[in-house]
Amino acid sequence: MRLIINVIIIAAIIALAFYLLVKTFQRGKQGKCAACDYDCEIKKLAKNKKQL
């Protein structure tokens, strides 16, 4: 019984990880990453470099 429960839990974790990877790659093809909504250091550096 424990084996079946462990297999179900592991399968759920792998399925969720696969779903998140597919979702991330689909957003990447659209040109927008998850961090685009935030004002991070890399984004600031890119803006400063464009201004030069």
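We're numbering straight along the sequence, starting at 1. No hydrogens, no waters, no symmetry mates; every other heavy atom, side chains included, goes into these values.
Val7 meets the side chain to side chain contact (heavy atoms under 4.5 Å, CB included) test with Leu3; sequence neighbours excluded. Partners of Ile9 by side chain to side chain contact (heavy atoms under 4.5 Å, CB included), not counting sequence neighbours, listed by chain and number: Ile5, Ile13.
Put simply, CD on Gln26 and CG on Leu21 are 11.5 Å apart, with the number rounded to the nearest 0.5 Å.
Membership of the apolar cluster around Ile10 extends to Ile14, as traced through chained side-chain contacts below 4.5 Å between ILVMFWY residues.
Counted within 6.0 Å of CG on Leu16, heavy atoms from surrounding residues, nucleotides or ligands total more than 12; the atom is thus considered enclosed.
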